[in-house]
Amino acid sequence: MKPIETVKVLVASVISVVVMVGIARFSYTPMIPEMVAALGLSKSVVGMLATVNYAGYLTGALVITRISDLGLKVRLYQLGLVVAVVSTVLMGYTTNMWLWFVLRFVSGLSTSAGMLLGAGLLMSWLIRNNQKSELGVFFSGIGLGIVLTAVVAQLIKDPFTWDQQWVIYGLVALVLLVPAWRWMPDYRACALPRTGAGAAGAERSRFIRILQLAYFCAGVGYVVTATFLVAIAESMPELSGHGWLIWLIAGLAATPACWLWDVFSRRWGQWLALYLAYTLNAVSILMLIVNTSMASVMLSAVIYGASFIGIVSMMLAMVGRVFPENPSRPMSRLTFSYGIAQMLAPAVVGYLADVEGNYTNGLWLTLVVMALGVVVLHLARKAEQREQGAPTPAPSPE
């Protein structure tokens, strides 16, 4: 295969992540203050819109675990691109709260398609075409999406009203959809021959369950910082009004980090890389506890952006390699655990902040969960080693 063809496939995959995750999901973050200022939305409505989006994401992850037909996966992936554009544009054409709930839920579905179906399809394509089975480049789209939404938010917040801003985000997504669609390969030709790994998958169920718990812990570390980092920054006099800048810094750190984690993992091993990524994520949380100076918060954002994206990229790539016949299914199982954490953790930390007037104890709790995640990650490694040493059962006759 020509190198230019590989580049086109990778670029199309990254752009798809920017559309279905960066815009369909992350554009809501800078839109919150705009909608609150213009429409007087309550905190409960703002929170419910975010929760409904997570619910759509979780629903999509759950559905994907049940899909094995490659043709259906490709069609749903393509539908996710279209839905990302449409659901974003339509947010600016209504003030009906229930329609917003529907649109954010559908947007969450498209995000799960972009993250899980996209990662699984690309993994199959890479293996089929004898490329490195790594997803660092793919997940750099998340960081690029954060950067894009932060920059666009600054460019359009003054000249345009809140509803016009939603339409602009949708139009940006529509422009990006064109190369993503044109350069998308024929994923239907990437089906891998059945080798009996399905039976081995049942044998590895303990490994996956433990890994799900470790990924749940990572989800807590991701979402608490993602939810409250900007609020912490805005509470500081020197960063007041510049919370978007902290979010931009996190995105800039996340964008190249996926590729760097791939390099590190190749050199030192995936498990050591995961231990380090979990530890760095914990360090970024600790920095917010012990020092809230501008320099500390900005450095915390850098470490956070680089570490959370590395965990996502390496975890999903690892299970994709373990289960190459249907990588989207184990990826979806892990993501379901990650999504549960995203729904529960902000509520707990937010409650503690309301009761105590600060985020300190909530951040300490998050730090403990991340430390537990390192321990559980080690247990998952041991489980994988035991299962690799066990004989693989012969595939059952069709």
### Query
With a 4.5 Å heavy-atom cut-off, do Met20 and Met115 have their side chains touching?
no

### Query
Backbone N or O of Val83 within a donor-acceptor pair of the Ser87 side chain at under 3.5 Å?
yes

### Short side-chain to backbone donor-acceptor contact, Trp261 and Ala306, under 3.5 Å
yes

### Message
Assigning hydrophobic clusters by single linkage (Ile, Leu, Val, Met, Phe, Trp, Tyr; side-chain heavy-atom cutoff under 4.5 Å), is Leu213 placed with Ile208?
### Response
no

### Query
Mind checking whether Gln164 and Val167 have side chains closer than 4.5 Å, heavy atoms only?
no

### Message
With a sphere of 6.0 Å drawn around CH2 of Trp268, does it hold more than 12 non-hydrogen atoms of other residues, nucleotides or ligands?
### Response
no

### Message
Do Val86 and Val82 have side chains that approach each other closer than 4.5 Å (heavy atoms only, starting at C-beta)?
### Response
yes

### Query
Are any side-chain N or O atoms of Ser284 and backbone N or O atoms of Asn281, one a donor and one an acceptor, separated by less than 3.5 Å?
yes

### Message
Using a 3.5 Å distance criterion without hydrogens, assess whether the side chain of Tyr278 forms a donor-acceptor pair with backbone atoms of Ala214.
### Response
yes

### Message
Whether the side chain of Ser296 engages the backbone of Asn291 through a donor-acceptor N/O pair (distance < 3.5 Å, no angle test) should be reported.
### Response
yes

#### Entry: Parallel, tilted or perpendicular: rings of Tyr275 and His378 (30°, 60°)
tilted

### Query
What residues form a ring-ring contact (aromatic ring centres under 6.0 Å, His included) with Tyr215, not counting sequence neighbours?
Tyr338

### Heavy-atom donor-acceptor pair, Ser313 side chain to Ile309 backbone, under 3.5 Å
no

### Query
So, the side chain of Thr225 versus the backbone of Tyr222: is there a donor-acceptor pair under 3.5 Å, distance only?
no

### Message
Any heavy-atom pair between the side chains of Leu76 and Ile67 that's under 4.5 Å?
### Response
yes

### Query
Are the side chain of Asn129 and the backbone of Trp125 linked by a donor-acceptor contact shorter than 3.5 Å?
yes

### Asp163 versus Thr161, side-chain donor and acceptor atoms under 3.5 Å
yes

### Query
If you measure from CG on Leu122 to CD1 on Ile127, what distance do you get to the nearest 0.5 Å?
10.0 Å

### Query
CG of Asn53 to CG of Leu109: how many Å apart, nearest 0.5 Å?
9.0 Å

### Message
Let me confirm one number: the CG-CG distance from Leu171 to Leu177, rounded to the nearest 0.5 Å.
### Response
12.0 Å

#### Entry: CH2/Trp162: more than 12 non-hydrogen atoms of other groups inside 6.0 Å
yes

### Task
Quick one: closest heavy-atom pair of Ile64 and Ser112, and the distance?
CD1-O, 3.8 Å

### Query
Less than 4.5 Å apart, any side-chain heavy atom of Thr59 and any of Phe105?
yes

### Task
Decide side-chain contact (heavy atoms from CB on, under 4.5 Å) for Leu121 and Leu70; before the verdict, give the C-alpha distance in whole Å, the side-chain angles of both, and the deciding distance to 0.1 Å.
CA-CA 9 Å; Leu121 291 171; Leu70 184 59; 3.5 Å; yes

### Task
Mind running side-chain contact (heavy atoms from CB on, under 4.5 Å) on Thr360 and Ile289 for me, showing each step along the way?
CA-CA 6 Å; Thr360 302; Ile289 298 174; 4.3 Å; yes

### Task
Hey, could you give me the CZ/CG distance between Arg333 and Leu116, rounded to the nearest 0.5 Å?
13.5 Å

### Query
Can you name the nearest heavy-atom pair linking Ile15 to Pro179, along with the distance?
CD1-CG, 3.9 Å

### Summary
In terms of heavy-atom contacts, Gly141 and Val18 come closest through O-CG2, 3.6 Å

#### Entry: Heavy-atom donor-acceptor pair, Arg329 side chain to Thr65 backbone, under 3.5 Å
yes

### Query
Do Thr149 and Thr29 touch side chain to side chain, with heavy atoms closer than 4.5 Å?
no

### Message
Is the shortest side-chain heavy-atom distance between Phe26 and Ile142 below 4.5 Å?
### Response
yes

### Task
Describe, in one word, how the ring planes of Trp98 and Phe101 are oriented to each other, choosing from parallel (under 30°), tilted (30 to 60°) and perpendicular (over 60°).
perpendicular

### Query
Passes side-chain contact (heavy atoms from CB on, under 4.5 Å), Gln78 versus Met184? Steps please.
CA-CA 10 Å; Gln78 293 171 331; Met184 189 186 304; 3.8 Å; yes

### Donor-acceptor contact present, side-chain Ser27 to main-chain Tyr169, <3.5 Å
no

### Message
Grouping I, L, V, M, F, W and Y whenever their side-chain heavy atoms are under 4.5 Å apart, do Val175 and Leu144 come out in a common cluster?
### Response
no

### Rounded distance [0.5 Å steps], CG in Asp69 versus CZ in Arg188
9.5 Å

### Shared hydrophobic cluster, Leu260 / Trp271 (ILVMFWY, side-chain heavy atoms < 4.5 Å)
no

### Task
Carefully, step by step, assess Gln385 and Phe207 under the rule side-chain contact (heavy atoms from CB on, under 4.5 Å).
CA-CA 9 Å; Gln385 290 172 342; Phe207 163 64; over 6 Å; no

### Query
Are any non-hydrogen side-chain atoms of Met298 and Ile246 less than 4.5 angstrom apart?
yes

### Query
Quick one: do the Glu5 and Trp183 side chains pair a donor with an acceptor below 3.5 Å?
no

### Query
Applying the 4.5 Å side-chain criterion to the ILVMFWY set and letting contacts propagate, would Leu248 and Leu155 be lumped into a single cluster?
yes

### Query
Looking at CD of Gln212 and OG1 of Thr335, how far apart are the two atoms once the value is rounded to the nearest 0.5 Å?
9.5 Å

### Query
Does the side chain of Tyr77 come under 3.5 Å of the side chain of Ser16 through a donor N or O and an acceptor N or O?
yes

### Task
Indicate, with yes or no, if Leu90 and Leu176 share a hydrophobic cluster defined by side-chain heavy-atom contacts under 4.5 Å among Ile, Leu, Val, Met, Phe, Trp and Tyr.
yes

